Amino acid sequence: MEKLIQDLNEKQREAVLFNEGPSLIIAGAGSGKTRVLTYKIAVLLKTGVLPWTVMALTFTNKAAREMKERVGQLVDPHAASRLWMGTFHSVFLRILRSEAEHIGFPVHFTIYDTADSKNLIKSLVKELGLDDKVYKSSKVLGRISAAKNDLITPDAYANHPDYQINDTRSRMSRIKDLYALYWRRCREANAMDFDDILLYTNLLFRDHPEVLLRYQEHFSHILVDEYQDTNFSQYLIVKRLAERHHRVCVVGDDSQSIYSFRGANIDNILNFKKHYPESRLFKLEQNYRSTQNIVNLANSLIAKNRGQIPKQVFSKNELGNRIQVMTAYSDLEEGNMVAARIGEMRLSTHESFNDFAILYRTNAQSRIFEESLRKRNLPYRIYGGLSFYQRKEIKDVISYLRFLLNPNDVEAFRRIINNPPRGIGDTTQQKVLTAMRDHQVGVHQILESPETYELPINSGTRKKLADFQELIESLRRQSTEDNVYELTKVLLSKTGLMKAEADQTDLEAQSRRDNLMELLTGMYNFCNDRLEQGIESVFIADYLSEVSLLTDQDEEKSNEGERVTLMTIHASKGLEFKHVFIVGLEEDIFPSGHSLDSDKAIEEERRLLYVAITRAESTCTISYAKSRFRNGQTNYSSPSRFLNDLDTRLLDVPQQIPTASRTVRANPVRTEPTYSPKRNLTRLHSSSKPSDAPSTSTVSHGSNDLRIGQSILHERFGKGQILGFDGSEGSSTMTVEFEHSGSKRLLLKFAKFTLLD
DNA sequence: AATCCACTTGTTTTT
DNA sequence: CAAGTGGATT
């Protein structure tokens with residue numbers, strides 16, 4: 001115990017040792033937050049607190065896993081494994097399953113993921129005869145989600161003037177009906193969405209005091225990580241659970257609250273003292289990660305925000321370099337400058353590529369850096385994009401499993417009923433769904449006896465439905481005997497899912513097959529892990545309840561050599577790199593165009609930049625471009641307002657704009673003013689008339705004349721020869737025969753190519 | 001049911 | 001431009 005805490009500085013130690021009442025630990029960036037949490041848990045366990053009475057809530061599964069690991073190393077792995085440690089969702093899902101009867105759900109209710117929710121909403125919009133251009137599923141789901149995070153049920157929603165006014169103002173006054181219907185359909189399908197997990201936990205605790213009491217007494221200590229990103233629903237769960245013993249410790253940094261767009265409420269952390277008046281406040285202000293210059297730069301930025309918990313983050317590390325600001329003419333040049341810089345730094349320092357990260361505001365910015373790195377043969381890894389479990393082929397398999405376990409899971413049913421194609425089209429599906437609603441029964445009842453519900457179908461269709469039903473039944477029988485791994489192998493062959501992929505030869509089908517194999521491998525490992533814990537049979541339920549809350553973020557590593565990291569700033573939270581490049585510091589990108597009309601949103605963008613800067617240990621480089629190709633056209637961009645927030649004494653801004661090698665597009669927006677500025681102007685205003693009528697043998701393009709038979713080099717398709725021209729006014733095209741990609745028609749005003757002769 | 005074409009859209013993302 | 005969608009076509 002003594003030995004344990006001597007690894008900590010004084011502030012950390014105080015925070016770790018106080019466990020008698022509520023406490024808020026403000027952990028500045030790089031101040032050893034995770035360390036404090038793990039040591040706190042370790043100390044609790046060492047002082048005899050039973051591990052299963054400690055609840056530790058994190059934001060990602062990965063964070064939970066890592067923390068468990070570290071606690072295990074500090075004390076005893078077995079004890080660590082018995083902690084209630086996990087995300088809000090996984091911990092309370094576990095509780096909800098064991099209390100399912102109290103909220104009127106069967107034990108094996110389904111978790112609808114965002115795609116399921118959106119699909120359901122799409123069909124509801126249609127059902128109510130609403131315009132899907134107005135009632136976009138993502139918008140509607142967003143509203144419903146926000147309501148749920150504020151614990152507003154459909155009834156309350158319809159009666160709440162704020163929501164009604166808001167919906168009316170945005171011309172979506174029927175959201176209340178959609179919400180009510182969505183709620184009902186989820187219940188009928190025995191399904192919960194992500195927000196429901198928290199909402200029903202609150203309802204459970206609200207309506208069943210005896211249950212709440214049981215958990216209040218069970219959990220002696222509650223710890224919450226990343227408290228600045230909790231929402232109201234989460235706040236209230238913690239509040240209720242801690243009501244008896246008051247031993248709640250939350251850790252966070254209000255300067256790093258960046259998830260308000262999905263309901264996080266920074267006020268939870270700002271008002272902690274109000275919520276828990278007897279609470280103690282600890283501040284971890286020494287940053288161990290970054291140089292003084294980086295910390296001070298971040299401080300100068302965040303000082304521009306209002307309403308923060310006062311703190312003085314400082315570093316005793318070396319002063320370090322000043323922060324370099326790079327100005328590029330274009331987005332392409334920005335890519336080249338960053339790639340070149342990484343190449344140089346790597347050569348002079350011999351550091352690993354793993355030490356470099358390029359952080360951007362939006363995923364769309366990644367492409368250019370990808371290309372510039374590839375051009376220089378610098379290895380990189382991009383994070384983000386579709387998660388493994390959201391890929392179509394994977395979701396299909398999971399949907400089968402879901403339907404086997406929960407025969408009322410309508411969204412899973414809709415996914416699998418005609419996949420692979422078995423001749424049960426939209427019409428039949430609609431009939432089944434209608435009958436289901438008319439008779440108030442589950443999907444499976446209709447399938448079991450279509451006659452009973454007078455399905456208006458012919459004998460052919462009836463046969464197809466019966467075959468499907470039989471397939472499901474046989475798999476369902478098997479699912480009670482075999483473990484998921486064995487079951488899924490059978491499932492893949494019996495359903496024909498594997499065959500459907502095997503029949504195709506293209507690259508994408510190959511990758512789908514690989515993914516399916518990877519899924520099987522994952523299941524195999526899952527079963528094996530359980531076996532090692534002495535659990536012999538691993539059924540669908542065990543697997544699904546784990547997987548339904550898993551995301552790519554949790555997978556990590558795949559240590560295939562060292563690589564430069566490319567990711568969004570959001571994804572970089574909690575990570576650190578020796579050298580960080582923050583790119584695209586331009587108005588309308590960073591801050592994002594969607595935040596320009598609100599001070600609160602701008603402040604969140606500023607916090608986002610704060611997070612980005614504080615990822616850096618040794619050097620931090622900021623860049624922006626003066627023009628950028630976006631949404632099909634090139635636009636001028638102006639430097640981000642945040643550049644003015646930064647302490648200029650810490651910045652290294654080059655006097656003259658550097659002239660690194662520049663890639664020129666076929667339709668350059670800005671070239672050296674030495675040649676033909678007139679052309680650039682006409683291009684820019686894109687009102688230039690195509691000087692030739694269709695089907696001529698030459699066409700002017702920029703300053704160049706294109707002619708039939710000419711060789712070009714296209715950015716993507718490579719070398720090719722022009723076969724002819726077509727189209728007119730603003731949409732002239734040319735047909736090009738490429739050496740490797742066959743013949744293509746390219747829109748002249750967009751095509752990126754250079755002339756070869 | 002599959003393919004093609006016209007058309008829209010274009011944050012951040014965990015669970 | 002690129003990805004995704006919805007409708008029409010075959």
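Order of the sequence lines fixes the chain letters, A, B, ..., with proteins taken first and strands second; residue numbering starts at 1 for each chain. A quick note: this is a predicted structure, and the numbers were derived from the prediction, not measured. Note: hydrogens, waters and symmetry copies are ignored here, and every other heavy atom, side chains too, is used.
Spacing of C1' atoms, C:dT5 relative to B:dT12, comes out at 23 Å, to the nearest Å. Between B:dT14 and C:dA3, the distance separating the two C1' atoms is 23 Å to the nearest Å. B:dT11 and C:dA2 have their P atoms separated by 16 Å, given to the nearest Å.
Of the side-chain N and O atoms in A:K136, one or more sit less than 4.0 angstrom from OP1 or OP2 of B:dT9. Dashed line: the shortest gap from a side-chain N or O of A:T568 to OP1 or OP2 of B:dT13 is under 4.0 Å. Taking only side-chain nitrogens and oxygens, A:N363 comes nearer than 4.0 Å to OP1 or OP2 of B:dT12. Considering only side-chain N and O atoms, A:N631 lies nowhere under 4.0 angstrom from the phosphate OP1 or OP2 of C:dA2.
Here A:F105 and A:Y200 bring their ring centres to under 6.0 angstrom of each other. Proximity of the aromatic rings of A:H594 and A:F261 is defined here by a centroid distance below 6.0 angstrom, and this criterion is not met.
Considering only the side chain of A:H594, B:dT11 comes nearest among B:dT11, B:dT15, B:dT12. Residue A:R262 has its side chain nearest to B:dT13 when only B:dA2, B:dT13, B:dT9 are considered. The listed nucleotides are B:dT9, B:dT13, C:dC1; the one nearest the side chain of A:Y259 is B:dT13. Distances were taken from every side-chain heavy atom of A:F194 (C-beta onward) to each of B:dT9, B:dT15, B:dT11; the shortest belongs to B:dT15. Comparing B:dT11, B:dT14, C:dC1 against the side chain of A:F629 picks out C:dC1 as the nearest. In the set B:dA1, B:dT15, B:dT11, the nucleotide with an atom closest to the side chain of A:H89 is B:dT15.
For the pair A:E605 and A:R361, the salt-bridge criterion is met [side-chain N within less than 4.0 Å of a carboxylate O]. Between A:D253 and A:K33, none of the side-chain N atoms (NZ, or NE/NH1/NH2) sits under 4.0 Å from a carboxylate O, so this pair counts as no salt bridge.
For B:dT11, the base has no donor-acceptor partner in the side chain of A:R361 [N/O atoms by modelled type, under 3.5 angstrom]. Residue-to-nucleotide contacts include a donor-acceptor pair under 3.5 Å from the side chain of A:T114 to the base of B:dT15.
Relative to the six-membered ring of A:F642, A:R606 misses at least one condition, a distance below 6.0 Å or an angle of at most 45° to the axis.
In this structure, CD of A:Q390 is placed 10 Å from C1' of B:dT14, rounded to the nearest angstrom.
DNA chain B is contacted by both A:I197 and A:I258; A:I258 maps to the nucleotide lying nearer its 5′ end (nearest heavy atom per residue).
Base orientation of B:dT11: syn (glycosidic angle within 90° of 0).
A distance cut-off of 5.5 Å between ring centres, combined with a plane angle under 30°, places A:F261 in a stacking arrangement with the base of B:dT12.
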